[in-house]
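Heads up: the structure comes next, in structure tokens.
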Amino acid sequence: MYDRLKGFRDFYPDEMGARREVIDAIEDVARRYGFREVGTPALERTRMYVDKSGEEIVEELYAFEDRGGREVAMTPELTPTVARMVVERGQALSKPIKWFSTRPFWRYEQVQQGRFREFYQTNVDVFGSSDPRADGEILAFAADSLTSLGLTGDDFEFRVSHRDILGGLLESMDADVDTRAAIRAVDKSEKIPREEYYGLLVEAGLDHEQAEAFDEILSGDDLDDLVAFAGTERVDAAVENLRNVLEAAEAFGAGEFCEISLSTARGLDYYTGVVFECFDSTGEISRSVFGGGRYDDLIESFGGEPTPAVGVAPGLAPLSLLCQRAGVWPEEAPTTDYYVLQVGDTRETAASITRALRELGHVVETDLSGRSFGAQMGYADGINAETVVIVGEQDLADDVVTIKEMESGEQTKAPLSAFPPTSGRPTYDDYA
RNA sequence: UCCGGGUUGGGGUAGUGGUAUCCUGCAGCCUUGUGGUGGCUGCGACGUGGGUUCAAUUCCCGCACCCGGACCCA
């Protein structure tokens, strides 16, 4: 026996069926928004992540030197890769570029609830539009994805904030502030005691009084107050932008899921405008389910033309937690359209019937083990076969097969000349 | 990397310093012309390495993995 690696999971058919259903639902929504699927490598140069996130990040990567002496890493996220792709094609791509992709990523980090070392995300991004409607479309896509899974406004909420509001406020406070540190503090504010939060803000460069005022104005969530408090053009513009984004989200049908929450910051440094996180409305899942936001500077920092971007990346693991709490995670039992049962030496006829049914597009199984009638029926039952086609020596002598509807147990004969037909999905009712 | 709790047939469990209970599952048979109910038979477990002991699944230590949390969250 070999052990599975920590944080890596196997998915057996039942669970995989549920995952497939969820991924398909999300991707269907993405396609309806006109996002186009992209495929991307599992390995990239390690330098790409170091340049974007700093040297420390190597500790969290599955990184190694390949046989050609290249420093490579298994991709821990998609954003740098799609940024690279956008830069590489440059002006050949018509804007806005709308891409999506579902695939695994790898991070060498501590396993926790909803967090694994190999995890799946659907990344959805818009490049080349700074219009608030692009942010609105991302929010609407996220909301539609969740509702397509059966979730409702009672189950989740999007807490929407704006990097420039936080940055602009700090700037307006006339102190020498480490904006990054302050924003990190804001991001943690709901998880730590208030005094510790103030302590972090003071460390970032505010005095205690300013920290309190900053906290108060953020918790207020009143945009007019913010504008008045800061009184700067930057905050003014940011508030205006946030309002426009929310208006666009509303127009695309996601309004009821969005609420302003200025204490939502995301830990990422590269966000530049609107940021948002999806939370479990019941509060049972303490961490965010997923997040997204605007990152207008990344493409340029990768050597491309300045290209605004906004995106979101729901992860399957936290999403499944959310769905399970809400009671909408799919319960998948295997289903089978037909089981072709063989009695006696009828394998040739049985095989041709099986093949014909499969050509009609159905899910069809037949005996692979030479099992007894009873054992075959038991197997057919076990795979939830809807219809069993009994191909027996006695029936064949009369040029018929028996069609049995498993749920009711009813059965009837069908002439071999008429079964299977050249189209459709023949069942008991068609021959009774 | 750190803290806490775990690990008994495929799944779920009981239990014990003298190698293990029950349910379910899987396979076969009763039953190669009838499944989801029944009967019989079989399969199958103490995560791993070391220590203590006459004897360890049981007690002790390390490790692996699992669950939860801290840190981190690009």
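Small disclaimer: the values here were computed from a predicted structure and weren't measured. In what follows, chains carry the letters A, B, and so on, assigned in the order in which the sequence lines appear, proteins first and then strands, with residues in each chain numbered from 1. Only this structure's heavy atoms are used, side chains among them; waters, hydrogens and symmetry mates stay out.
Taking only side-chain atoms of V343(A), from C-beta outward, the nucleotide of U32(B), G35(B), A74(B) with the closest atom is U32(B). With G35(B), A74(B), G33(B) as the choices, the nucleotide that has an atom nearest any side-chain atom of K413(A) turns out to be G33(B). Listed nucleotides G69(B), G35(B), C73(B) differ in distance to R107(A); the shortest reach to its side chain belongs to C73(B).
Y431(A) meets the ring-ring contact (aromatic ring centres under 6.0 Å, His included) test with F419(A); sequence neighbours excluded. For T272(A), the side chain to side chain contact (heavy atoms under 4.5 Å, CB included) test picks out R294(A), D296(A), D297(A), with sequence neighbours left out. Listed by chain and number, the residues in a salt bridge (Lys or Arg N to Asp or Glu O under 4.0 Å) with E37(A) are R31(A) (sequence neighbours excluded).
Residue contacts for T79(A): at a heavy-atom cut-off of 4.0 Å it reaches no nucleic acid atom on any strand shown. Heavy atoms of R115(A) sit under 4.0 angstrom from at least one base atom. Within the nucleic acid shown, G7(A) comes within 4.0 Å of sugar-phosphate atoms alone, with no base atom in reach, counting heavy atoms only.
Taking atom C1' on both nucleotides, G39(B) is separated from U13(B) by 25 Å, rounded to a whole Å. For A14(B) and C23(B), the P atoms lie 15 Å apart once the distance is rounded to whole Å. Taking the P atoms as reference points, G12(B) lies 12 Å from U7(B), given to the whole Å. Rounded to whole Å, the separation between the C1' atoms of A56(B) and G15(B) comes to 15 Å. Using C1' as the reference atom, C2(B) and G44(B) are 39 Å apart when rounded to the nearest Å. Taking the C1' atoms as reference points, A27(B) lies 13 Å from G10(B), given to the whole Å. To the nearest whole angstrom, the two C1' atoms, one in C59(B) and one in G18(B), are 15 Å apart.
Proximity of Q113(A) to the phosphate of G68(B): a side-chain N or O atom is located under 4.0 Å from OP1 or OP2.
Note: F64(A) and Y62(A) fail the aromatic proximity criterion, with ring centroids not under 6.0 Å apart. Aromatic pair F257(A)/F156(A): centroids less than 6.0 angstrom apart.
Within 3.5 Å, no donor on the side chain of E59(A) pairs with an acceptor on the base of U1(B), nor the reverse.
Remark: RNA chain B takes part in the stems B:1-7 with B:64-70, B:10-12 with B:22-24, B:25-30 with B:38-43, B:47-51 with B:59-63, each of 3 or more antiparallel Watson-Crick or G-U pairs, criterion distances under 3.5 Å.
Surrounding CD of E331(A) are at most 12 heavy atoms belonging to other residues, nucleotides or ligands under 6.0 Å away.
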In B/S/- notation (B base, S sugar-phosphate only, - none; protein heavy atoms under 4.0 Å), nucleotides 25-30 of chain B written 5' to 3' is --SS--
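The CG atom of D14(A) sits 12 Å away from the C1' atom of G11(B) (whole-angstrom rounding). Atom-to-atom, CZ of F116(A) to C1' of C73(B) comes out at 15 Å; the value is rounded to the nearest Å.
Relative to the six-membered ring of F119(A), R115(A) misses at least one condition, a distance below 6.0 Å or an angle of at most 45° to the axis. A cation-pi arrangement is present between R371(A) and Y379(A) under the rule of less than 6.0 angstrom and at most 45 degrees off the ring axis.
The stretch residues 387-398 of chain A touches RNA chain B through I390(A), G392(A), E393(A), Q394(A), D395(A), each having a heavy atom under 4.0 angstrom from the strand.
For the atom pair F214(A) CZ and M173(A) CE, the distance stands at 7.0 Å (nearest 0.5 Å).
Remark on RNA chain B: of its neighbouring residues G344(A) and Q110(A), the 5'-side contact belongs to Q110(A), judged by nearest-heavy-atom nucleotide.
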